[in-house]
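Computed over heavy atoms, backbone and side chain alike; hydrogens, waters and symmetry mates excluded. All residue numbers refer to positions in the sequence shown, counting from 1.
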Amino acid sequence: MITAIDIINEFRKPQLYAVGIGILNVVADSIITGSNSVAARCQIDGIEGDFLLKCFYKEVDISKYNNNITISSIDISTISGEHYRAQCIIRRWQCGTPLDIALSSGNCNYKTLSHAFDTMALERLLSGVPHGDISPDNIVLNEGVMTLVDDEIMWYNSENRGRSRNYGKQPFSHPFRAMLHPSSDVDDYSIAIISTLLAAISSYAKMNEEIPLILLDDLTVENSYRALDIAKRRLLKVGDKAHYDIASHINHISYNIPNLKELIIQALATEDSVAEVKC
């Protein structure tokens with residue numbers, strides 16, 4: 001059986017061989033571990049540019065991944081001396097800064113981030129193809145545009161939809177996701193949470209007020225409800241009705257946020273006209 005440690009050890013070797021692709025040179029400092037895989041930035045001998053290498057230590061059906069991904073495998077030696085062939089995928093590296101890092105840097109335009117997220121979220125909802133794992137560390141910001149990454153798990157047909165249950169990061173994933181039936185609305189909760197928090201943060205920054213740390217720090221399951229309550233009260237105070245309505249429809253019974261697309265369209269259309277203070 002392969003573990004994440006086995007893959008990490010393999011990634012730290014000077015070179016790897018990926019079946020059907022060739023020699024890979026992994027950037028050791030970029031290695032990260034996920035819920036079912038280990039990922040890293042790499043270069044392929046003879047091909048210009050950087051790539052994302054993701055190798056799975058849990059069984060995942062990757063037979064129906066999108067066309068931007070190359071499926072391969074890598075030989076892995078375990079710490080016990082056994083040898084396995086692990087599935088992996090390779091795709092072009094997405095340049096930019098992860099949203100979680102941008103938020104924690106303190107050197108960003110929060111209004112721009114809020115607008116960029118809502119724009120990206122609306123595009124995702126209009127596409128009709130759920131992502132399944134929308135969270136700040138899976139969003140890359142590049143020149144004011146946000147792009148969802150780690151989209152290999154997106155649903156492409158009804159046969160794959162059950163897989164989404166295995167994914168999602170708290171507190172940006174529905175708290176009872178493991179018990180809920182897989183649904184095409186699976187992204188609603190994640191989108192609503194992040195959109196609400198970014199809109200509230202943006203309002204504080206716009207008025208040069210101190211932003212509550214709970215809205216900027218890494219959220220935990222325990223304090224996410226308090227953060228949402230603070231954000232809702234702030235949105236109500238400044239008259240941001242669209243984002244307030246989004247927050248008010250977040251529930252723990254189902255994924256679905258009624259009229260989420262329409263509310264985000266309203267938020268994008270009215271964000272510049274939100275009152276400075278509306279008590």
- [ ] Apply side chain to side chain contact (heavy atoms under 4.5 Å, CB included) to the pair I134 and F172, showing each step before the final yes or no.
- [x] CA-CA 7 Å; I134 297 179; F172 304 102; over 6 Å; no
Open item on the list: Working to the nearest 0.5 angstrom, can you tell me the gap between D185 CG and L125 CG?
Closed with: 9.0 Å
Task: Heavy-atom neighbours of I47 CD1 exceed 12 at 6.0 Å - done: yes
Task: same_hphob_cluster(Y110, V145) at 4.5 Å side-chain heavy-atom cutoff - done: no
- [ ] Report the distance from atom OG1 of T78 to atom CD1 of I2, rounding to the nearest 0.5 Å.
- [x] 8.5 Å
Task: Worked verdict on I8 versus R12 for side chain to side chain contact (heavy atoms under 4.5 Å, CB included) - done: CA-CA 6 Å; I8 291 172; R12 286 176 174 164; 3.6 Å; yes
TODO: Give the minimum heavy-atom separation between V38 and A4, together with the two atoms involved.
DONE: CG2-O, 3.8 Å
TODO: Return yes if some donor-acceptor pair links the side-chain N/O of D50 with the main-chain N/O of Q43 below 3.5 Å, else return no.
DONE: no
Open item on the list: Treating N138 as the side-chain partner and D133 as the backbone partner, does any N or O pair qualify as donor plus acceptor under 3.5 Å?
Closed with: yes
Open item on the list: Do I7 and Y84 land in one hydrophobic cluster if side-chain heavy atoms of ILVMFWY residues count as linked below 4.5 Å?
Closed with: yes
TODO: Can you measure from CD1 (I214) to CD1 (I211) and round to the nearest 0.5 angstrom?
DONE: 14.0 Å
Task: Candidates N25, L16, V26, L52 - the one meeting side chain to side chain contact (heavy atoms under 4.5 Å, CB included) with C42 - done: V26
Open item on the list: With clusters defined by side-chain heavy atoms of hydrophobic residues (ILVMFWY) lying less than 4.5 Å apart, directly or transitively, does I23 cluster with V19?
Closed with: yes
Open item on the list: Checking the side chain of S203 only, and the main-chain atoms of A200 only, is there a donor and an acceptor separated by less than 3.5 Å?
Closed with: yes
Task: Connected via hydrophobic side-chain network under 4.5 Å: L260 and L126 - done: yes
Open item on the list: Donor-acceptor check, side chain of S127 to backbone of R124, threshold 3.5 angstrom: yes or no?
Closed with: yes
TODO: Would you indicate whether the side-chain heavy atoms of D45 and Q15 approach each other to under 4.5 Å?
DONE: yes
TODO: Could you tell me which non-hydrogen atom of A227 sits nearest to which non-hydrogen atom of L197, and how far apart they are?
DONE: O-CD2, 4.1 Å
TODO: Please confirm whether the backbone N or O of Y225 pairs with a side-chain atom of D229, one donor and one acceptor, at under 3.5 Å?
DONE: no
Open item on the list: For the backbone of L198 and the side chain of S202, can you confirm whether one donor and one acceptor N or O come within less than 3.5 Å of each other?
Closed with: no
Open item on the list: Go through it in stages, so that I can follow the logic: the residues are I246 and L235, the test is side chain to side chain contact (heavy atoms under 4.5 Å, CB included), and I'd like the CA-CA distance, side-chain angles, deciding distance and then a yes or no.
Closed with: CA-CA 10 Å; I246 290 173; L235 295 171; over 6 Å; no
Open item on the list: Donor-acceptor check, side chain of D6 to backbone of T3, threshold 3.5 angstrom: yes or no?
Closed with: yes
Open item on the list: Give me the atom names and distance for the closest heavy-atom approach of P212 to I230.
Closed with: CG-CG2, 4.3 Å
Task: Side-chain donor or acceptor of D188 paired with backbone N/O of I257 under 3.5 Å - done: yes
Task: Backbone of H243 reached by a side-chain donor or acceptor of D240 within 3.5 Å - done: yes
TODO: Given side chain to side chain contact (heavy atoms under 4.5 Å, CB included), test S73 with Q87 step by step and report yes or no.
DONE: CA-CA 4 Å; S73 60; Q87 287 185 311; 5.6 Å; no
- [ ] Starting at CD1 of I74, measure out to NZ of K13 and round the result to the nearest 0.5 Å.
- [x] 10.5 Å
TODO: Please tell me if the side chains of I90 and L24 come closer than 4.5 Å, counting only heavy atoms from C-beta onward.
DONE: yes
